[in-house]
Amino acid sequence: MTGATAGPAGTGTDRSVGSPILHVDMDAFFASVTLLERPELRGRPVIIGGGTRGVVLSATYEARAFGVRSAMPLARARRLCPPALVLPPERHRYHEVSTRVMAILRDITPLVAPLSVDEAFLDVSGSRRLFGTPAEIARLIRARVLAEEGLTCSVGVAPTMFVAKIASTRSKPDGLLVVPAGGVLSFLHPLPTSALWGVGQATEAALDRLGLRTIGDIADCPLPTLQRALGQAAGAHLNALAHGRDERAVDPGSTEVSISAEHTLSVDSSDQDALARELLRLSGQVARRLRDRGRVTRTVSIKIRLADFSTLTRARTLREPTDVSQEIYRAALELFHEAGFAGKAVRLVGVRAANLADAGGAGHQLAFDERPVGWSQLDRATDAAGRRFGTGSVGPASLLPRQPRRPESI
DNA sequence: TCTGGGGTCCTAGGACCC
DNA sequence: TCTGGGGTCCTAGGACCC
């Protein structure tokens, strides 16, 4: 590619000084994990996704050969690839495998920053004495993940996070690509603008209107022109990236900014009671995850998507932070009623908690008329029952299935 | 083609305070 | 009567990522 590469066989030499960042990215992760227990499906096009209104979550490379891509509506994927087998996701298993893969990475260095279940950044600058050059470390990781989990991954090695990320993408599947410090610009500049992290459809179109097609074009474009077209922050950001500059460091300790739960209904609904029950369920999920993490929220928001796919959000900042299911639900329900679109067909509802803080430092001031202790105790009892009997085993009576009028559903 | 669910970050406008 | 600038917080929407 640029003379800076090592192929899948891992034959590349790595004599550069500054290539301490690795980006490790599992190949077709969900599909590959599912195939571990279905070896007879190897070599066949397999798609992971589900539901009547689902999208493609993951697809084997055999399915991708038909044009199937992740996030594509399942209906379209089936048309593109009729022989594909569509299997439902098994999130619990993905999580388990992910935990073990991350543990392999933490054997190399504590400086591991997971980006999602199936990818992570590593800063290996302190690991060379023990494990060798960054390229040798990358080969070691790939060999261990394959030997211990039966899965392939691709690894990018570069002086900065975003170049390492692009490198792993360009080496997929089952590849390794090293971009030494001296080779960053010659690696980046021929690539299309969309290869940059943060350039999606809208930004690509805006860049295209400026006549910018490659990352090299962005590097040659005057900063003020870029900022006029994309805004201050985005313009400056892309300008820096196009010149290979990226100051971010691998941070293993970053904490969440928000926690949310949302659900697309299987059929659009304008039934206010049914939508309120969904808000109750989602509020409970969000609150439980807050308590699991020892966090409280001050800002509750709801998200509503109508049948025409238009999406609106409404937010409210509370007087006091909370992790109590009932308080989050009360705020969500008020926002829902105030939004004032009764009668319209709703496709999706969501609840989000933002403005988070640690529960310990939250010094709750009780108003005289408040009795939150009861609700809080109910949550704790529900949490304990969930741990014993399984999540969802105990919950509000209004979430119980409605009594069927006729026993036909049994 | 008919669009999931979990997130992050940025922008812009308004309220409010100094 | 007309006219500031800056800072912070909040809300709504949108782009983007996996």
Side-chain angles (χ1 to χ4, degrees), chain A residues 23-30 47-59 67-81 88-89 91 94-95 98 113-121 161-162 165-166 168-169 172 193-207 227 229-238 248 251 254-266 268 282 285-286 289 298-319 331 335 338-339 347-356:
Chain A
H23 180 255
V24 178
D25 196 352
M26 304 299 294
D27 298 321
F29 183 57
F30 292 2
I47 294 171
I48 306 298
T52 51
R53 302 169 123 177
V55 298
V56 174
L57 299 172
S58 178
V68 173
R69 295 289 177 268
S70 69
M72 176 182 279
L74 270 183
R76 180 167 180 227
R78 286 182 206 268
R79 265 193 303 277
L80 281 172
C81 185
R91 296 184 191 278
Y94 307 148
H95 196 259
S98 173
L115 195 60
S116 66
V117 282
D118 66 340
E119 56 183 297
F121 287 103
M161 289 171 64
F162 93 99
K165 165 97 173 141
I166 296 175
S168 71
T169 304
K172 278 186 164 296
T193 59
S194 58
L196 279 182
W197 208 21
V199 176
Q201 257 191 30
T203 309
E204 188 184 6
L207 291 170
Q227 288 181 312
L230 305 175
Q232 288 291 314
H237 184 60
L238 287 196
R248 292 170 307 162
D251 177 8
S254 61
T255 49
E256 288 151 313
V257 171
S258 69
I259 291 175
S260 66
E262 61 183 51
H263 181 64
T264 297
L265 308 170
S266 55
D268 296 344
L282 296 168
Q285 275 183 27
V286 167
R289 281 154 54 189
R298 270 192 67 222
T299 305
V300 174
S301 61
I302 61 165
K303 173 171 162 182
I304 303 291
R305 176 167 289 154
L306 302 177
D308 67 2
F309 222 71
S310 60
T311 305
L312 57 88
T313 60
R314 292 291 181 270
R316 167 153 308 160
T317 296
L318 312 173
R319 286 214 318 277
L335 289 165
E338 289 162 14
R347 176 188 180 92
L348 169 149
V349 287
V351 174
R352 188 171 95 103
N355 227 330
L356 306 185

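Within the 4.0 angstrom heavy-atom criterion, no nucleotide atom of any strand lies near R69(A).
Atom CG of L57(A) is separated from atom C1' of dG5(B) by 9 Å (rounded to the nearest Å). To the nearest angstrom, C1' of dG5(B) lies 14 Å from CG of L265(A). Rounded to a whole Å, the CZ atom of R248(A) is 10 Å from the P atom of dC9(B). Following rounding to the nearest Å, F30(A) (CZ) and dG4(B) (P) show an atom-to-atom distance of 16 Å. L74(A) has its CG atom 11 Å from the P atom of dC2(B), to the nearest Å. Spacing between atom CD of E262(A) and atom P of dG7(B) amounts to 9 Å, rounded to whole angstrom units. Following rounding to the nearest Å, L80(A) (CG) and dT1(B) (C1') show an atom-to-atom distance of 9 Å. The interatomic distance linking L348(A) (CG) with dG6(B) (P) rounds to 9 Å, in whole Å.
To the nearest 0.5 angstrom, I166(A) atom CD1 is 11.0 Å from H23(A) atom NE2.
Screening residues 67-79 of chain A for salt bridge (Lys or Arg N to Asp or Glu O under 4.0 Å) gives no qualifying pairs among residues at least two apart or on separate chains. For residues 307-318 of chain A, the pairs satisfying salt bridge (Lys or Arg N to Asp or Glu O under 4.0 Å) are R316(A)-E334(A), R316(A)-E338(A), with sequence neighbours left out.
Between T255(A) and L356(A), the closest side-chain pair of non-hydrogen atoms is not below 4.5 Å. Contact annotation: the side chain of L74(A) never approaches that of V55(A) to less than 4.5 Å [non-hydrogen atoms, C-beta and beyond]. The shortest distance between side-chain heavy atoms of I304(A) and V349(A) falls below 4.5 Å. Considering only heavy atoms from C-beta on, V300(A) stays 4.5 Å or farther from V286(A) through its side chain.
Within a heavy-atom distance below 4.0 Å of DNA chain C, no residue of residues 48-56 of chain A is found. A heavy atom closer than 4.0 Å to some atom of DNA chain B occurs in R305(A), these being the qualifying members of residues 298-308 of chain A.
Where I259(A) and R76(A) each meet DNA chain B at their nearest nucleotide, the meeting point lying more 5' is that of R76(A). Nearer the 5' end of DNA chain B, as judged by each residue's closest nucleotide, is the contact made by H263(A), out of A233(A) and H263(A).
Stacking here means ring centres nearer than 5.5 Å and ring planes tilted less than 30 degrees, and by that measure F309(A) does not stack onto dC2(B).
Secondary-structure stems of DNA chain B, taken as three or more successive Watson-Crick or G-U wobble pairs (i with j, i+1 with j-1) under a 3.5 Å distance threshold, comprise B:5-18 with C:5-18.
Under a 3.5 Å cut-off, the side chain of K165(A) and the backbone N or O of L196(A) do not form any donor-acceptor pair.
A parallel orientation is assigned to the rings of Y94(A) and F30(A), their planes being inclined by less than 30° (bins at 30° and 60°).
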- prompt: What one-letter contact string describes nucleotides 12-18 of chain C from 5' to 3', where B marks a base within less than 4.0 Å of any protein heavy atom, S marks contact via sugar-phosphate atoms alone, and - marks no contact?
  reply: SS-SSSS
Without placing hydrogens or testing angles, list every side-chain donor-acceptor pair under 3.5 Å for residues 257-264 of chain A, not counting sequence neighbours.
unit_1	atom_1	unit_2	atom_2	d
S258(A)	OG	R352(A)	NH1	3.0
E262(A)	OE1	K303(A)	NZ	3.1

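S58(A) meets the side chain to side chain donor-acceptor pair (under 3.5 Å) test with no other residue; sequence neighbours excluded. Every side chain to side chain donor-acceptor pair (under 3.5 Å) that E256(A) has, sequence neighbours left out, goes to R293(A). Contacts of A202(A) classified as side-chain contact (heavy atoms from CB on, under 4.5 Å), with partners at least two apart in sequence or in another chain: none. In this structure, the side chain to side chain donor-acceptor pair (under 3.5 Å) partners of R305(A), at least two apart in sequence or on a different chain, are T311(A). Partners of F162(A) by ring pair (Phe, Tyr, Trp, His ring centres under 6.0 Å), not counting sequence neighbours: none found.
At the phosphate of dG6(B), neither OP1 nor OP2 sits under 4.0 Å from any side-chain N or O atom of S260(A). Under 4.0 angstrom from either OP1 or OP2 of dT3(B) there lies at least one side-chain N or O belonging to R347(A).
The separation of dG4(C) from dC16(B), taken at their C1' atoms, amounts to 16 Å, rounded to a whole angstrom.
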